[in-house]
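Note: hydrogens, waters and symmetry copies are ignored here, and every other heavy atom, side chains too, is used. We count ligands from 1, going down the list as the structure has it; atoms in each ligand are counted the same way.
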Amino acid sequence: MTEDTDSNGRIDPANDGDSESESKSRAQSKPESKLEPHTDGGTATGADETALDPWGSSTIADYGNLFTEFGIGAFDDALDGVPDPHYLMRRGVIFGHRGYGRVAEALRNSEPAAALSGFMPTGDPHIGHKLVFDELIWHQEQGADTYGLIADLEAHSARGLSWAEIDAHARDYLLSFLALGFDPEAGELYRQSDNRELQDLAFELGIEANFSEMRSIYGFDGGTDVSHLQSVITQAADILYPQLDEPKPTVIPVGPDQDPHVRLTRDLAARTRYFGVTEAYASFEADDAERELIAEAYDVLSDERADGPEADGVRCTHAADWLAGDSGADRDRSTMAAESEADSVDEPGSADAEGKSPRQRAIEKLEAAGKEPLRPRIRFLDRNATPEAFEALIERVDGEKRVYEGHVDGFELDFEEAESLAREVEVDHGGYGFVSPSSIYHRFMTGLTGGKMSSSVPASHISLLDDPEVGYDKVRSATTGGRETAELQRELGGEADECPVYELYAYLLAADDDEYAKRVYDECVGGERLCGGCKEEAAELMREFLADHQEKRAEAEAVLADLDIDLDSSRR
Ligand code: TRP
Ligand code: SF4
């Protein structure tokens, strides 16, 4: 498999969807398990059951479910490969990813990479948005081409905001993004509504998506606005937009509610590709489960023959016999009694429509191929290639190769070489050559009043536009994870993991200072820290942060004015 789709073009929910560089890294463990102590601030209380809804309430009951149910990878597994990781990564605030390994690798090697995220201008930018701004800016500092976009089409169609409101909020988002350090010369800012190239890409991607799919992913129905559909396909175009000049690993930092968009886009990107690249063993086609079995047979049989006169002489019939159990399946015998009905119990894949197991199917195909030698090879499948592109690919496969009707097999290249060759030929012949986009997911901040942080409840969040004194007051009156009395707090310690104030330290106020964040945590759970003083300290830091941020916003006005972004749209 080269992309995250199965043979029906559906997304496999059971992996992190990324075999291009991190094949089977299945995420089982919770991300917290490695954090000692839990410096991530914990999760929202009273959250919904796990459901990823881009337009629903942004709470997640159990982040662990996202790994098992949706196949999001644990960020911990990618962290080692990240050069100089951001504090949000180190502290487990960024907890999940899809395919981030290839972005980290590109950053490590100073190869082309991109980062992009989008903001719906539905209200003031707040400290939750700051997480995403910071993630983008960090990627920009690491050398990625970085994009920030205003999702105005989405705000207008899905949220019904007027263009005048959208213009005003868009300005506020952009000022904060610039104030926090985004470099508009090195990166790009755009509005969806203004970007013709983006809309052309959206149109092309729309050809790959149909309404049934939209319905099953987003729950759309006959009453859904057509413009809402259009905003979804526009977001898919946003996600691939950084690759229009050249394919490159691209990360989309977002909250996990955006994962459906990421999955859809990964799928659409795969569907545009000219060639599929797979491993194969013989001239016939095999699905993943069949291929796994054939690979196993090949490995055992070629090892057995390696020293004998029959070296290299493994033929399809041998593998069929081996799989049928004449020799190699002895291993299976002991378990067979236990598995009374099917041999598919411990095997990959599942029975097909006729009830045949992958093993049966593999055996039949191998038998049909008879004396054909079994030999590992790389197969290029012609998916959407033009005839010229397919011809050119055949031409460029070095070494021994075999050309068939809809595919060409190469015997002397490895998988990675094959993938870049396929991409190169595609791009040379007018294709996009998209690299499957990656994503990273951050935890949602708990509201200051407990429950979820909501833009529509001012006391629950701190707007980046809040007067510093207001910010101070909001922190002073925040809910805490403290005990009823000071005595109890000294005796039992506070519950930092349940405390929105601790979250403020970990997500924002402690900034890059891990020691400080850890000290607050340790003192809290150790009972040395009492909530009154702790909140005062946090409130002062918040006041300071807001004052400083707003000064920088004022400076950013001039920068924004010089940029080519129309914030007075004539739309109606
Ligand atoms: N849908 C996103 C939101 O609700 C905004 C968005 C639009 C976006 N295009 C994007 C996010 C591309 C990430 C990447 O906030
Ligand atoms: Fe929260 Fe601070 Fe109280 Fe601990 S001491 S519960 S971190 S406010």
Q) Can you check ring pair (Phe, Tyr, Trp, His ring centres under 6.0 Å) on F95 and F75, steps first, answer last? A) CA-CA 5 Å; F95 70 92; F75 193 79; 9.2 Å; no

What are the atoms of ligand 1, with element, lying closer than 4.0 Å to any heavy atom of [X]?
X	answer
M120	4 (O)
L116	12 (C), 14 (C)
I252	13 (C), 14 (C)
V254	11 (C), 13 (C)

Q | Lys NZ or Arg CZ of R91 over Y507 ring: under 6.0 Å, within 45° | A | no

(Q) For the residue pair R543 and Y472, would you count it as a cation-pi contact if the rule is NZ or CZ under 6.0 angstrom from the ring centre and within 45 degrees of the ring axis? (A) yes

(Q) Would D267 and R263 count as a salt bridge (Lys or Arg N to Asp or Glu O under 4.0 Å) here? Give the steps. (A) CA-CA 6 Å; D267 223 7; R263 275 182 292 163; over 6 Å; no

(Q) Distance alone, cut at 3.5 Å: any donor-acceptor contact between the side chains of Q258 and Q235? (A) yes

Q | Flag for Y521-D497: side-chain donor and acceptor within less than 3.5 Å | A | yes

(Q) Taking only non-hydrogen atoms of Q489, do any sit less than 4.0 angstrom from ligand 2? (A) yes

**Q.** Closest to atom 15 (O) of ligand 1 among S117, G118, P437 (heavy-atom distance)
**A.** G118

**Q.** Residue pairs passing the salt bridge (charged side-chain N to carboxylate O under 4.0 Å, His left out) test where at least one lies in residues 152-166, sequence neighbours excluded
**A.** D152-R191

[atom] [closest protein heavy-atom partner, distance rounded to 0.1 Å]:
atom	result
atom 2 (C) of ligand 1	Q258 OE1, 3.2 Å
atom 9 (N) of ligand 1	D238 OD2, 2.7 Å
atom 5 (C) of ligand 1	E154 OE1, 3.4 Å
atom 8 (C) of ligand 1	Q235 NE2, 3.3 Å

Q: Report yes if H261 has an N/O atom closer than 3.5 Å to an N/O atom of ligand 1; otherwise report no.
A: no

(Q) So, using side chain to side chain donor-acceptor pair (under 3.5 Å) as the criterion, who are the partners of H86 when residues are at least two apart? (A) none

Q. Taking only residues two or more places apart in sequence or in another chain, which ones pass side chain to side chain donor-acceptor pair (under 3.5 Å) with E426?
A. R273

Q | Proximity of Y147 and Y190 rings by center, below 6.0 Å | A | no

(Q) Check this for me: F211, atom CZ, are more than 12 non-hydrogen atoms of other residues, nucleotides or ligands nearer than 6.0 Å? (A) yes

Q: Report the part of L149 in contact with ligand 1, treating N, CA, C, O as backbone and CB onward as side chain, heavy atoms under 4.0 Å; options are side chain, backbone, both, neither.
A: side chain

Q. Any salt bridge between R529 and E523, counting N to O under 4.0 Å?
A. yes

Q: Sum up the protein N, O or S atoms located under 2.8 Å from atom 4 (Fe) of ligand 2.
A: 1

